[in-house]
Every structure is written in structure tokens, then in C-alpha cells.
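All remarks here apply to the structure that follows.
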Amino acid sequence: SAIKAGLKAKHFSLNSAEGRCPHCKGQGHEQIAMDFIDDLFTPCEWCEATGFKPESLEHRIDQKHIGEVLNSSISSLSSKWELFFDLPKKHGEFNSPKGLIDHLGLAHLSLGRKLATLSSGEWQRTLLLKHLMSIEVNQAQRKIFLFDQLFSGLSVADILHLLPLLQDLLDRQNCLVFANTSFEPA
């Protein structure tokens, strides 16, 4: 329906004037300046607190508008994964973006999560995901990975899920360095 309406990708981006709400400038909330106390933030009624223009919210994927899709966790989108990420399988046991994301403990993140809200461990695991998706399976690229608080916020189960992926990096003759890392689970 979006194509028929003449909408382009920019109509579904908060980085574009064609997609973002002009009232809240894509923030999803409006700021009310207060004199003697902290500013007050109220949900933008014009865009239903999504940050998108109403015409962008009219179009749906599986009964969800773009704001709802971006607020969905990656794990909840797993059945539709290839719809969003049509990437080649590269890493044996970790052979898909979904598999890598699961092993990295990032499946709880929402698709539209702002980078500034990621913990340091989530940020590092996101960078590791980007690196892993950019290399070929048999590519001989020895790297040194320096991690600081890689396991922050992970449960014991999540850490145990991540370890085989780290072992795979070692098996590929990479060097892993963990600095100031606490192995105390969340």
C-alpha cells in the first residue's frame, strides 16, 4: 500500500523530513520547559508518540505500523527475519543474522533502539555482530578484539550462549582480550 501511495523509504525514516513528525521532530515526545524543576516530557499526540508522520503510520506490515515494528524486539520478529535482513549465511553454527544475534545476547533489543541507550556491553556486542556479518566464513583475517565489560547486563544463561561464539573466534586464530570485565551475571 505504501508503494501505491507513492511513499519511499525516506517516508519511514526519522532522519528524513518526509518521515518524521513535524511537531516533535521525530522524538515521539514534546518537551515543556519548566522554570524551577526539570523539564517535562509528554508523548506527542500528533504522531502517537512514534515520531513518524501520520501518513507513514497508515501503512502496515503484518498489522503493525512502522513505529510498532521498530518497537518490536528482534526475537519477536524472528519469524519474519528474512523480510528485514536478507543476508547470506556465513558462520556454520552461527549461520544467520538471527543466529548471531541470539548468540550475542542481543535478541531482546528493539529494532529501532537508539544507540545512546545501549549499555557498553550491548554496544560492543553490536559492533562484534557488524564485524562478523562483514567477513566470509573461510576468510583468513586474524584480528585482535579488545572487550571492556562485554558481559555487562547478561545472565549466566546468556553468557553461556555467547561463549561458543567467542570460542569460534579463537578457533579462527583471533586474539580476544577482556579488560576490566566482571563476570558477575545480572
Side-chain angles (χ1 to χ4, degrees), residues 9-10 12-16 19-20 25-29 38 41 50-52 66-186:
K10 62 185 176 183
F12 300 96
S13 171
L14 295 174
N15 296 323
S16 166
R20 75 175 157 255
K25 297 181 178 45
Q27 296 298 310
H29 60 265
D38 291 339
F41 295 91
T50 64
F52 290 95
I66 185 65
E68 293 167 329
V69 170
L70 291 176
N71 283 328
S72 298
S73 70
I74 293 170
S75 62
S76 72
L77 297 172
S78 62
S79 64
K80 303 292 181 191
W81 190 257
E82 296 304 323
L83 172 67
F84 296 104
F85 298 95
D86 187 21
L87 297 171
K89 297 182 176 187
K90 296 185 176 190
H91 297 280
E93 177 186 349
F94 319 105
N95 64 357
S96 68
K98 170 88 171 71
L100 285 170
I101 286 171
D102 284 343
H103 279 279
L104 288 168
L106 298 172
H108 69 282
L109 297 177
S110 64
L111 203 56
R113 176 110 173 242
K114 294 185 185 327
L115 292 177
T117 67
L118 295 176
S119 72
S120 63
E122 289 169 337
W123 175 250
Q124 289 177 83
R125 293 190 306 274
T126 302
L127 292 176
L128 182 57
L129 173 67
K130 179 182 175 187
H131 170 74
L132 291 171
M133 290 311 303
S134 70
I135 60 174
E136 297 298 325
V137 175
N138 298 320
Q139 189 174 358
Q141 235 188 5
R142 294 180 181 163
K143 301 255 183 197
I144 297 174
F145 293 91
L146 176 61
F147 298 110
D148 182 25
Q149 303 297 333
L150 180 67
F151 301 107
S152 70
L154 292 181
S155 67
V156 172
D158 288 335
I159 292 171
L160 292 174
H161 210 58
L162 176 58
L163 291 178
L165 183 60
L166 296 175
Q167 183 62 52
D168 185 60
L169 286 171
L170 289 172
D171 292 345
R172 294 170 189 269
Q173 300 186 3
N174 292 291
C175 178
L176 307 182
V177 179
F178 298 91
N180 297 323
T181 300
S182 168
F183 289 96
E184 294 180 26

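Just so you know, these numbers use all the heavy atoms, side chains as well, and skip hydrogens, waters and symmetry mates. The first residue in the sequence is number 1, and the count goes up from there.
Looking at residues two or more places apart in sequence or on another chain, you find a side-chain hydrogen bond (donor to acceptor under 3.5 Å, both in side chains) between His108 and Glu122. In this structure Ser13 satisfies the side-chain hydrogen bond (donor to acceptor under 3.5 Å, both in side chains) test with no other residue, sequence neighbours excluded. Checked against side-chain hydrogen bond (donor to acceptor under 3.5 Å, both in side chains), Ser120 has no partners two or more places apart in sequence or in another chain.
The closest donor-acceptor contact from the side chain of Thr50 to the backbone of Gly67 lies at 3.5 Å or more, if one exists at all. In terms of modelled atom types and a separation under 3.5 Å, the side chain of Ser16 and the main chain of Phe12 share no donor-acceptor contact.
Atoms CZ and CG, on Phe178 and Leu146 in that order, are 10.0 Å from each other to the nearest 0.5 Å. With rounding to the nearest 0.5 angstrom, the CG atom of Asp102 is 8.0 Å from the OG atom of Ser75. Remark: His103 NE2 to Arg125 CZ distance equals 14.0 Å, nearest 0.5 Å. A distance of 14.5 Å separates CG in Asp148 from CH2 in Trp123, rounded to the nearest 0.5 Å. In this structure, the separation between CG on Leu14 and CD1 on Ile66 is 8.5 Å, given to the nearest 0.5 Å. One finds the CG atom of Leu109 at 8.5 Å from the CD1 atom of Ile101 (value rounded to the nearest 0.5 Å).
Between Ala107 and Ser73, the closest heavy-atom pair is O-CB, 3.9 Å. Residues Leu166 and Leu176 come closest through the heavy atom pair O-CD1, 3.5 Å. The two residues Ile74 and Leu106 make their nearest non-hydrogen contact at CD1-O, 3.8 Å. Taking both residues in full, the closest heavy atoms of Gln124 and Phe147 are given as OE1-CA, 3.2 Å, listed atom of the first, atom of the second, then distance. The minimum heavy-atom distance linking Leu169 with Leu128 is given by the pair CD1-CD1, 3.9 Å.
Side chains of Val156 and Leu160 form a contact here, defined as non-hydrogen atoms less than 4.5 Å apart. Taking 4.5 Å as the limit, every side-chain heavy atom of Asn174 sits out of range of all side-chain heavy atoms of Ile144.
Heavy-atom neighbours of Asp171 CG from other residues, nucleotides or ligands within 6.0 Å: above the threshold of 12.
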